[in-house]
Asker: 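Following this message is one structure expressed as structure tokens.
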Protein chains: 2
Amino acid sequence: METKNTYSFSKKKEVAKEKLGIDMETNTDNQKVRMTKKLEKMFGHIDYKHPPELCPVRDVMSVASDQWSVLIILWLGYFPVLRFNKLKKFVYGISNKVLSQRLKVLEADGYISRKAYAEVPIRVEYSLTEFGQNYVEKLLELTEWMHLNSPKVIANRSKYGSFGDL
Amino acid sequence: METKNTYSFSKKKEVAKEKLGIDMETNTDNQKVRMTKKLEKMFGHIDYKHPPELCPVRDVMSVASDQWSVLIILWLGYFPVLRFNKLKKFVYGISNKVLSQRLKVLEADGYISRKAYAEVPIRVEYSLTEFGQNYVEKLLELTEWMHLNSPKVIANRSKYGSFGDL
DNA sequence: CCGCATCCTCTCGGATACTG
DNA sequence: CAGTATCCGAGAGGATGCGG
């Protein structure tokens, strides 16, 4: 998977130039070049004409960057372990159904672990796995940025006028 | 906004202990403590019982972490400037309607800029703003992680069984 | 207490056709 | 070319009630 690269950067540049009339060489800024390298790593190996279902990154991200999933993971990063109803309290506004769905998917994808204790009434504890801890760190970098910049965005938005929501 | 903190960490611990039966002091690991600090910065100032609509971070993130928005921003990070139909080709699978919606919102939120040239036929060029460049860097860190780890997730998923999608 | 099953609503988003 | 307008279907997600 690492070695196979059916769609190299030079090939991409070709396509960009010939089929789309875009000259990649206009990328001069260092920062942009670094960014392009990273993007190349992610997009370079795929043909942009292939069905998006074949892109595992899209797939995985759609779970991990889901609004509810993010909140669940963040709160589980905050508290070491949480039970279903506690979690529901923190992830304010989530319904039983959605919470339970997300928890199942997040468990399946390896972010969280679920421990059920055979008591009466039953007790279930959710916590982050090693992998989930790993992810929450990445996520925090993003949410930190969001926390920092959301005022700007809100300001922009109202300056721009009242357009659609999402 | 920075100084106002109606819901301090110690208060949070109180609530956690008294109302939810969670002892925050079980956080021993250094990494977890750092994480908790960050989370505190984001969640500490809000009462988790307040309506989620009041949380600007949720709001801003729902736009910025939207699947289509992410792809648009990434491709605009790859190519310095793209026109509507080029963009549509790269963000494979997106419809006119959604692309146009997302572009409008992303412009309103300050990530991208739109330049229309009064030619016939009309030409419109989209590119990242300074702010958008800023964001795409953050985003790339996350997508890099995704690119790196999606195989693990897929593996986990199939190991776990065939459960729901998303 | 956990969370599934059901029902029902309602928004998102795809397809197509049309205009400046 | 760059969108808008309209229609329509799928499915996400909320509320409730029940079972383990």
Side-chain angles (χ1 to χ4, degrees), chain A residues 19-22 51-53 58-59 62-63 65-72 75-76 81-108 112-127 161 163-166, chain B residues 19-22 51-53 58-59 62-63 65-72 75-76 81-108 112-127 161 163-166:
Chain A
K19 298 195 181 175
L20 298 167
I22 293 166
E53 301 83 70
R58 273 204 202 189
D59 184 7
S62 72
V63 171
S65 76
D66 167 79
Q67 180 197 176
W68 294 123
S69 301
V70 165
L71 289 171
I72 292 169
W75 283 114
L76 282 175
V81 54
L82 283 172
R83 301 174 57 176
F84 191 88
N85 281 311
K86 311 275 165 90
L87 208 37
K88 193 180 166 186
K89 273 177 196 143
F90 284 114
V91 185
Y92 196 82
I94 199 170
S95 66
N96 276 5
K97 186 183 175 184
V98 174
L99 179 53
S100 131
Q101 269 181 1
R102 294 296 189 280
L103 287 172
K104 222 185 295 181
V105 174
L106 288 175
E107 191 194 359
I112 67 178
S113 77
R114 184 198 127 110
K115 270 194 194 106
Y117 298 87
E119 308 170 350
V120 261
I122 195 173
R123 188 185 58 178
V124 181
E125 291 184 346
Y126 293 95
S127 57
F163 276 92
D165 325 47
L166 178 73
Chain B
K19 297 197 182 174
L20 297 166
I22 293 167
E53 302 84 69
R58 273 204 201 188
D59 184 8
S62 73
V63 171
S65 77
D66 166 79
Q67 180 197 175
W68 294 122
S69 302
V70 166
L71 289 171
I72 292 170
W75 283 113
L76 282 176
V81 53
L82 282 172
R83 300 172 58 176
F84 191 87
N85 282 311
K86 310 276 164 92
L87 208 37
K88 192 179 167 187
K89 273 178 195 141
F90 284 113
V91 185
Y92 195 82
I94 199 171
S95 67
N96 275 3
K97 186 183 176 183
V98 174
L99 178 53
S100 141
Q101 271 181 1
R102 294 296 190 279
L103 286 173
K104 224 182 295 181
V105 175
L106 288 175
E107 192 194 357
I112 68 178
S113 77
R114 184 198 125 110
K115 271 194 192 107
Y117 298 87
E119 308 171 350
V120 261
I122 195 174
R123 189 186 56 179
V124 180
E125 291 184 345
Y126 291 96
S127 57
F163 275 92
D165 324 46
L166 180 72

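By convention in this document, chain letters (A, B, ...) are assigned in the order of the sequence lines, proteins followed by strands, and residues within each chain are numbered from 1. This structure is a prediction, so every number in the text was calculated from the model and none was measured.
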Asker: Out of curiosity, B/Ile94 CD1 to B/Lys89 NZ, how far, rounded to the nearest 0.5 Å?
Answerer: 15.0 Å

Asker: What's the CG-P distance between B/Asp66 and D/dA12, to the nearest Å?
Answerer: 15 Å

Asker: Just how far, in rounded Å, is P of D/dG3 from CG of B/Leu87?
Answerer: 10 Å

Asker: Does any non-hydrogen side-chain atom of B/Leu87 lie less than 4.5 Å from one of B/Leu103?
Answerer: yes

Asker: Grab the two heavy atoms, one from B/Arg83 and one from B/Ile122, that are nearest each other, plus how far apart they are.
Answerer: NH2-O, 3.9 Å

Asker: Indicate the atoms forming the closest heavy-atom contact of B/Leu82 with B/Phe90, along with that distance.
Answerer: CD2-CE1, 4.2 Å

Asker: Output yes when at least one side-chain N/O atom of B/Asn96 is less than 4.0 Å from OP1 or OP2 of D/dG3, else no.
Answerer: no

Asker: Return no unless some side-chain N or O of A/Arg102 is found under 4.0 Å from OP1 or OP2 of D/dG13.
Answerer: yes

Asker: Nearest whole Å is fine: how far is C/dG13 C1' from B/Lys88 NZ?
Answerer: 13 Å

Asker: Using only side-chain N and O atoms of B/Arg83, determine if any of them is under 4.0 Å from OP1 or OP2 of D/dA2.
Answerer: yes

Asker: Considering only heavy atoms from C-beta outward, does the side chain of A/Phe84 approach that of A/Asn96 to under 4.5 Å?
Answerer: yes

Asker: Pick the closest DNA chain D nucleotide for A/Ser95 and for B/Glu125 by heavy atoms, then say which residue is nearer the 5' end.
Answerer: B/Glu125

Asker: Is B/Lys86 near enough to D/dA2 that one of its side-chain N or O atoms lies under 4.0 angstrom from OP1 or OP2?
Answerer: no

Asker: Tell me whether the OP1 or OP2 atom of C/dC1 has a side-chain N or O from A/Tyr126 closer than 4.0 Å.
Answerer: no

Asker: Roughly how many Å is it from CD in B/Gln101 to P in C/dG13, rounded to a whole number?
Answerer: 7 Å

Asker: Can you measure A/Arg123 atom CZ to C/dC1 atom P for me and round it to whole angstrom units?
Answerer: 13 Å

Asker: Rounding to a whole Å, what distance do you find between B/Ile72:CD1 and D/dG3:C1'?
Answerer: 14 Å

Asker: Rounded off to whole Å, could you give me the CG-to-C1' distance for the A/Leu82 and C/dC1 pair?
Answerer: 15 Å

Asker: Of the non-hydrogen atoms in B/Arg58 and A/Val91, which two are nearest, and what is the gap between them?
Answerer: NH2-C, 4.3 Å

Asker: Does B/Ser100 have a side-chain nitrogen or oxygen under 4.0 Å from the phosphate oxygens OP1 or OP2 of D/dT4?
Answerer: yes

Asker: Dot-bracket for DNA chain C, 5' to 3', counting Watson-Crick or G-U wobble pairs under 3.5 Å, with [ ] for crossing pairs and | for inter-strand pairs?
Answerer: |||||||||||.||||||||

Asker: What nucleotide among C/dA15, C/dC1, C/dC2 has an atom nearest to a side-chain atom of B/Lys97?
Answerer: C/dA15

Asker: Distance from B/Asp66 atom CG to A/Asp66 atom CG, nearest 0.5 Å?
Answerer: 11.0 Å

Asker: Between C/dC2, D/dC1, C/dT6, which nucleotide has the shortest distance from any of its atoms to the side chain of A/Asn85?
Answerer: C/dC2

Asker: Quickly work out the B/Leu99 CG to C/dT16 P distance and round it to whole Å.
Answerer: 17 Å

